[in-house]
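One structure is given here, and the rest of the page talks about it.
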Amino acid sequence: MKSKFVSADEAAGLIPDEATVALMGGGGGLMEATCLFQAVERRFLASGRPRGLTLVHALGIGDKKTLGMNCFAYEGLARRVIGGHWPWSPRMQQLARDDKIEAYILPGGVSSQLFREIGAGRPGLITHVGLGTVCDPRFGGGRMNTAARNDLAEIITIDGREYLRYKPYPVHVALVRASAADDDGNISFEHEAANLDAQAIALAARTSGGRVIVQVKERLARGALKAREVRIPAAWVDAIVIDPGQRTSYDIPFDAALSGELTGAARFEPEPVSDEPFNERQAIARRAYQELEPGAIVNYGFGIPDAVAKLVVARGELDRIYQTIEHGTYGGSLLDGVLFGYARHASAILDAPTQFDFYGGGGLDIAFLGFGEFDAQGNVNTSKLGGVTVGPGGFIDIAQNARKVVFCGTLAAKGVQLVTGDGQMRVQSQGAVRKLVRQVEQITFSGEQALRRGQQVLYLTERAAFRLTPQGLELFELAPGIDLQRDVLQQMDFAPRVAEPMQRMPAACFQRTDDGTGSLARR
């Protein structure tokens with residue numbers, strides 16, 4: 001049998017013009033096939049090939065500079081991009097804004113699950129996820145610019161209930177990242193920090209008659225892998241590229257705590273908690289923390305929700321809840337910023353499509369998520385802000401399915417100056433950008449759908465807390481030190497219902513510790 005091991009440049013040469021290419025990865029280099037991506041870029045810059053690619057990815061990939069999706073951000077190389085999350089590639093965002101490509105979004109979980117449905121030869125993904133949002137053909141159909149003209153989904157009715165059918169498509173090439181391959185071509189994820197949707201992507205390409213190209217760090221002898229260690233069998237694999245310099249993340253060569261390989265006492269060593277200067281981020285996190293209940297299954301989103309996760313760790317209460325993230329991990333200490341998606345000492349690592357199955361079936365008790373803006377109907381926008389394509393990542397899949405959703409963010413942006421730490425919150429400069437708007441630019445979370453499903457929805461800011469009611473948004477809590485009219489109502493584009501009596505947020509949420517830091521440990 002001919003060897004499947006090839007160079008990165010040879011692998012890039014296997015991608016034909018006009019191909020649909022499935023990509024995987026997460027921010028910070030999580031399971032990113034960087035060597036393969038760069039080989040495609042080199043080939044295009046040298047020869048102008050491949051051209052006219054359709055690129056599909058579920059989560060954000062890149063470093064906001066030159067890596068990840070930035071390798072494909074060239075006019076002519078990319079014709080269409082169906083991306084779950086775009087901010088890691090400002091260059092691709094600019095191509096979308098200039099209508100140089102057809103720009104679409106899909107919910108991250110839908111994208112991963114759709115790969116699996118394509119691989120199984122089924123007629124697309126049928127789900128409630130995305131109803132009432134920008135992915136619903138009645139509200140945009142996933143289109144993010146004028147160059148995008150097709151709907152990615154259609155409305156169907158089963159037993160009197162509406163669903164979205166996300167349409168299948170052939171996958172001509174899958175670019176997959178893994179840890180090791182044996183001489184036969186069997187693939188292992190053993191040293192990876194996540195599984196993501198690698199298996200589903202490979203399956204989609206294999207059954208579409210396409211090519212499965214895998215980047216690994218090492219080549220092992222035939223028989224070196226146990227059968228249960230093989231996540232992609234050799235029968236699915238067409239080409240393998242060895243990258244000895246492959247890293248766990250862009251900045252971390254390898255960390256066994258991130259790949260979940262440590263056992264025994266080492267796995268339960270407490271993680272150091274770094275203090276941050278106390279500000280509105282910690283204040284919002286402390287208020288959000290109060291919504292947790294023992295035994296809850298929890299998801300944390302990107303941004304201020306990171307601080308909620310850190311608070312749980314700092315208080316030594318990881319055993320109080322079941323912590324999850326959409327990348328497929330359970331438990332552990334979550335990393336944040338560019339390393340969002342990684343967890344140290346995770347208790348379980350599942351495939352992303354399976355994790356989203358759990359979410360979609362109603363398994364989440366509570367989700368802490370950020371917001372770009374929200375409106376009087378309780379709709380939230382995170383997917384398109386100021387005309388720039390952002391994409392939802394796993395936001396839609398999570399927000400639409402958790403029993404309780406707690407949105408966390410500041411009331412305004414750009415030039416806001418706040419002072420806190422003495423038990424109160426004071427606004428010195430209100431901010432030029434209002435985030436509580438009359439109508440959101442795009443619906444990434446539907447208040448109407450949430451009411452139909454009976455979800456409990458809160459919107460927590462540093463100045464006030466709101467909740468979703470059948471009559472619209474209700475303001476029910478005010479931060480100590482905040483003037484209702486000047487600091488809240490006059491900074492909104494709509495008039496919410498105001499609860500009577502008005503409750504006060506606990507002063508402890510706005511109190512720094514004795515050492516002057518933002519330490520979140522219980523005192």
Side-chain angles (χ1 to χ4, degrees), residues 20-34 36-37 54-62 68-69 81-86 88 104-122 124-125 127 129-130 152 166 168-179 187-189 192-208 210-216 230-233 236-237 299 324-330 340-343 346 348-360 391-398:
T20 295
V21 182
L23 308 172
M24 62 173 296
L30 179 64
M31 281 199 87
E32 178 188 309
T34 303
L36 285 174
F37 290 6
T54 294
L55 305 168
V56 188
H57 61 97
L59 302 175
I61 311 175
M69 291 304 297
V81 177
I82 305 172
H85 200 227
W86 291 61
W88 297 110
Y104 298 87
I105 61 171
L106 281 178
V110 164
S111 185
S112 291
Q113 292 167 325
L114 183 54
F115 285 132
R116 186 180 58 197
E117 299 304 295
I118 293 168
R122 291 189 281 262
L125 177 67
T127 177
V129 174
L152 301 183
Y166 291 92
Y169 51 85
V171 175
H172 303 116
V173 179
L175 298 184
V176 177
R177 149 84 177 259
S179 299
I187 305 298
S188 167
F189 299 166
E192 300 303 313
N195 297 343
L196 299 186
D197 45 11
Q199 191 179 69
I201 286 173
L203 178 62
R206 168 53 52 202
T207 56
S208 295
R211 294 188 173 108
V212 178
I213 304 172
V214 185
Q215 173 190 307
V216 299
V230 175
R231 301 307 306 273
I232 300 177
W236 296 10
V237 178
N299 173 277
T324 77
I325 49 176
E326 59 268 33
H327 301 69
T329 60
Y330 282 73
F340 178 77
Y342 292 83
I349 299 178
L350 307 181
D351 290 349
T354 300
Q355 185 79 303
F356 281 112
D357 285 342
F358 177 72
Y359 291 171
F395 178 95
I396 295 175
D397 311 84
I398 296 163

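For clarity, every value in this text was computed on a predicted model and none was experimentally measured.
For the residue pair Thr329 and Ala343, the shortest heavy atom distance occurs at OG1-CB, 4.1 Å. Of all the heavy atoms in Ile118 and Ala204, the pair that sits closest is CG2-CB, 4.0 Å. Minimum interatomic distance between Val171 and Ala22 (heavy atoms only, all atoms of both residues): CG1-CB, 3.9 Å. Shortest non-hydrogen contact noted between Ala202 and Ile232 is CB-CD1, 4.0 Å.
With sequence neighbours left out, His327 forms a side chain to side chain contact (heavy atoms under 4.5 Å, CB included) with Leu30, Leu59, Leu196, Ile325, Phe340. Qualifying side chain to side chain donor-acceptor pair (under 3.5 Å) partners for Thr34, counting only residues two or more places apart in sequence or in other chains: Glu32. By the side chain to side chain contact (heavy atoms under 4.5 Å, CB included) test, Arg211 pairs with Leu14, Pro16, Asp238, sequence neighbours left out. In this structure, the side chain to side chain contact (heavy atoms under 4.5 Å, CB included) partners of Trp88, at least two apart in sequence or on a different chain, are Lys64, His85, Val338. With sequence neighbours left out, Ala33 forms a side chain to side chain contact (heavy atoms under 4.5 Å, CB included) with Leu36, Phe37, Arg177, Gln215. For Ser111, there are no side chain to side chain donor-acceptor pair (under 3.5 Å) partners two or more places apart in sequence or in a different chain. For Ser188, there are no side chain to side chain donor-acceptor pair (under 3.5 Å) partners two or more places apart in sequence or in a different chain. Partners of Tyr359 under the side chain to side chain donor-acceptor pair (under 3.5 Å) rule, at least two apart in sequence or in another chain, are Asn299, Thr324.
No option in Leu106, Leu175, Ile82, Leu23 other than Leu23 meets the side-chain contact (heavy atoms from CB on, under 4.5 Å) test with His57.
Residues Tyr330 and Gln355 have side chains that bring a donor and an acceptor to within less than 3.5 angstrom of each other.
How far CG of Asp357 is from CD of Gln113: 5.0 Å, rounded to the nearest 0.5 Å. One finds the CD atom of Gln199 at 11.0 Å from the CE atom of Met24 (value rounded to the nearest 0.5 Å). Of the inter-residue distances, the one linking Ile349 atom CD1 with Phe189 atom CZ reads 11.5 Å to the nearest 0.5 angstrom. Remark: Leu152 CG to Tyr104 OH distance equals 6.5 Å, nearest 0.5 Å. For the atom pair Arg206 CZ and Ile201 CD1, the distance stands at 15.0 Å (nearest 0.5 Å).
Between the side chain of Thr54 and the backbone N or O of Thr20, no donor-acceptor pair lies under 3.5 Å. A donor-acceptor contact shorter than 3.5 Å links the side chain of Thr127 to the backbone of Val129. No donor-acceptor distance shorter than 3.5 angstrom exists from the side chain of Thr354 to the backbone of Leu350, with no hydrogens or angles considered. A donor-acceptor pair under 3.5 Å is formed between the side chain of Thr207 and the backbone N or O of Gly119. Put simply, the side chain of Asp197 never gets that close to the backbone of Phe115: no donor and acceptor are under 3.5 Å apart.
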Can you check side-chain contact (heavy atoms from CB on, under 4.5 Å) on Val212 and Val214, steps first, answer last? CA-CA 6 Å; Val212 178; Val214 185; 4.0 Å; yes

Given side-chain contact (heavy atoms from CB on, under 4.5 Å), test Val176 with Ile213 step by step and report yes or no. CA-CA 6 Å; Val176 177; Ile213 304 172; over 6 Å; no

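The shortest side-chain heavy-atom distance between Pro392 and Ile105 falls under the 4.5 Å cut-off. For the pair Phe356 and Pro107, the minimum side-chain heavy-atom distance is 4.5 Å or more. A heavy-atom distance below 4.5 Å is not found between the side chains of Arg231 and Ile187. Inter-residue side-chain proximity for Val56 and Val21 is flagged as unmet; no heavy-atom pair is nearer than 4.5 Å.
A salt bridge is defined here as a Lys NZ or Arg NE, NH1 or NH2 lying under 4.0 Å from an Asp or Glu carboxylate O, and Asp351 with Arg116 fails to meet this definition.
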